[in-house]
Protein chains: 2
Amino acid sequence: MAMQKVANQLNLNIDRSSPVPLYHQVVQGIEAAIHGGVLPPGSRLDNEIDLAAQLNLSRPTMRKAMDELVRSGLLVRKRGVGTQVVSSQVRRPLELSSLFDDLSNNGSKPTTEVLSFSHDEADAATRAALQLPAGAKVYHFTRLRKVGGKPLALMENWVRDDITSIDEALLGAQGLYGILRNGGVNFRLASQRIGAMIANDYQASLLDTTPGSALVTMERTAVDDTGRQVETGHHVYRADSYSFEMTLVQR
Amino acid sequence: MAMQKVANQLNLNIDRSSPVPLYHQVVQGIEAAIHGGVLPPGSRLDNEIDLAAQLNLSRPTMRKAMDELVRSGLLVRKRGVGTQVVSSQVRRPLELSSLFDDLSNNGSKPTTEVLSFSHDEADAATRAALQLPAGAKVYHFTRLRKVGGKPLALMENWVRDDITSIDEALLGAQGLYGILRNGGVNFRLASQRIGAMIANDYQASLLDTTPGSALVTMERTAVDDTGRQVETGHHVYRADSYSFEMTLVQR
DNA sequence: TTAGGCAGTATGTCCTATCAAGCGAACATA
DNA sequence: TATGTTCGCTTGATAGGACATACTGCCTAA
């Protein structure tokens, strides 16, 4: 009866006047607790009912929060048993961000050199990728991305021109996705293909490597929330400096 | 008042006696309707309330189904506007399956050649990757995967031995993930890294290509639903025959 | 003619409630 | 002692309601 209960002190402050949904506040709180070591890997959470009561929330709201955490791989639930923190650290799944953002968030200071820039009629392949009618115009440009003065990526992109205007100076100053987001684009999904190839003379000279060295290739087409194909591109990265890391979650 | 309403005939048969949850039946039904062309890209669905009424479901159940479809990128929702089918075709996101399964589902008939097989104490790197104590034993093997008689992938894996027993004959007959699933493993998530490299003499001879040709590399560690690191591996694929395709969904 | 506000509609959030199903441990029985 | 059954705990599924908020387009007033 007088059983000692080690409550996992989540110490979450739920702010009901905040515009942030309650379930999302819970998600953030638990994420912080896990990454901060308050909830060590393998530890079991209190059951959903108790947790909801502790935070003065309903069970569905609590469940919705935990659903997100399960989806992102931080928690594991088992009927009849309980919910526990997954032991391994989880990397954020591959997200819809540009290389520029990734590098900036990483503390590096990427620079961009615009090698070519045009605003012309799209060729057939581009029209197919972006689902544009004949005669439509697109921005077409190639960029060289360096970090710490070292070349890292050679990127060729095609962008539809009915969203926001793009010029060379803009591309030199910030990432493509930043520009498009500022132009009101809400990215929804992207199809991409990652492979490998051998550097040719042109690529090698720009990337400051030798012809025949390994390159990672990436082709991507991004779609926004209105269903428009916004951007397609073909990038190559120096294999010795770049690889794609991701976490897959089994639904 | 007498407005003609073009109801999108979903023709879903919801079987309440089925053990499959209602919301999942709805997910499958709408997926089928989209892929079957009944719901063409860009078409708008009826609102949640009406759809729920049409199928004799509650709105939360309907929403849960649509949530899944939004998450997987098939639908787009906009408050105050409605829900519509995303125009582009969506590939299934990269899933936790083995190459063997992927090829089999694709209609190909992959063959596996076991090049080496051992069951010994794990070295330090493997113990770190699988979080095993000193002295723990692991299965360690390399396999060559061919499809249509053509070599495609060279795979080296380490698997903990406290789950199911593995032998050479088994590996030659089916995929690793199939074996582990049969052994009771429920995979939850995996971290992987995709990059590129140049084929050395050993790899080139086995993959029937030339030294110096491009290879796609993949390193993966998979975790099951109890939080155990189950397997880790390092694979290389012929770049001219293989690339990783995936769809990223912005949450 | 045009700009602003307002109503209608759809999704977003949150709640209470109830039953089903899986799992584990305690308990009863042989 | 060993084994099988039952019971309680926990998550899973579904229902139905209430209110919030964002978007669209119409209507009105300047």
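Below, read A as the first sequence line, B as the second, and so on, with proteins coming before strands; counting in each chain starts at 1.
B:V81 meets the side chain to side chain contact (heavy atoms under 4.5 Å, CB included) test with B:K78; sequence neighbours excluded. Applying the side chain to side chain contact (heavy atoms under 4.5 Å, CB included) criterion to A:Q84, with sequence neighbours excluded, gives A:R44. The ring pair (Phe, Tyr, Trp, His ring centres under 6.0 Å) check on B:H234 picks up nothing, with sequence neighbours excluded. Applying the side-chain hydrogen bond (donor to acceptor under 3.5 Å, both in side chains) test to A:D167 and every residue at least two apart in sequence or in another chain returns nothing. Residues satisfying the salt bridge (Lys or Arg N to Asp or Glu O under 4.0 Å) test with A:D15, not counting sequence neighbours, are none. Looking at residues two or more places apart in sequence or on another chain, you find a side chain to side chain contact (heavy atoms under 4.5 Å, CB included) between B:V138 and B:A122, B:T126, B:L130, B:L132, B:W158. Residues satisfying the side chain to side chain contact (heavy atoms under 4.5 Å, CB included) criterion with A:P21, sequence neighbours excluded, are A:Y23, A:H24. Under the side-chain hydrogen bond (donor to acceptor under 3.5 Å, both in side chains) criterion, A:E156 pairs with A:H140, not counting sequence neighbours.
Residues A:Y177 and A:E231 have side chains in contact (heavy-atom distance under 4.5 Å, counting atoms from C-beta outward). Looking at heavy atoms from C-beta onward, B:V85 lies out of side-chain contact with B:L74 at the 4.5 angstrom threshold.
Looking at the side chain of A:P21, the nearest of the listed nucleotides C:dC14, D:dT14, C:dT11 is C:dC14. For A:R63, the listed nucleotide lying nearest its side chain is D:dT11; candidates were D:dT11, C:dT11, D:dA15.
Contact annotation: A:Y23 side-chain N/O to C:dC14 OP1/OP2 distance is not under 4.0 Å. Close to C:dC15, at under 4.0 Å from its OP1 or OP2, lies a side-chain N or O of A:T61. Contact check, B:R77 against C:dG12: a side-chain N or O comes under 4.0 Å of OP1 or OP2. Applying the 4.0 Å criterion to OP1 and OP2 of D:dT10, one finds that A:T83 has every side-chain N and O outside that range. Phosphate contact (OP1/OP2 of C:dC15, side-chain N/O of A:R16, threshold under 4.0 Å): present.
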For nucleotides 5-7 of chain D, list the nitrogen or oxygen atoms of the protein found under 3.5 Å from its nitrogen or oxygen atoms, one pair per line.
none

Pull out every protein N or O sitting under 3.5 Å from an N or O of nucleotides 16-18 of chain D, one pair per line with the distance.
none

Please list each protein N or O that sits under 3.5 Å from an N or O in nucleotides 22-27 of chain C, with the distance.
none

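Identified under the salt bridge (charged side-chain N to carboxylate O under 4.0 Å, His left out) test for residues 51-60 of chain A, with sequence neighbours left out: A:E48-A:R59.
What separates CD1 of A:I49 from C1' of D:dG12 is a distance of 12 Å, to the nearest Å. Protein atom CG of B:N47 is 10 Å distant from nucleotide atom P of C:dT9, rounded to whole Å. Atom CG in B:L75 sits roughly 15 Å away from atom C1' in C:dA10 (whole-Å rounding). Whole-Å rounding puts the A:I14 CD1 to C:dC15 P distance at 10 Å. Remark: P of D:dT14 and CD of B:E68 are 11 Å apart, rounded to the nearest angstrom. Rounded to whole angstrom, the span from the CE atom of A:M66 across to the P atom of D:dG12 amounts to 8 Å. Distance NZ (A:K64) to P (D:dA13): 15 Å, rounded to an integer number of Å. Residue A:L51 contributes atom CG, which lies 13 Å from atom C1' of D:dT11 at whole-angstrom precision.
What you find for A:R16 and A:N56 is that their closest heavy atoms are NH1-O, 3.2 Å.
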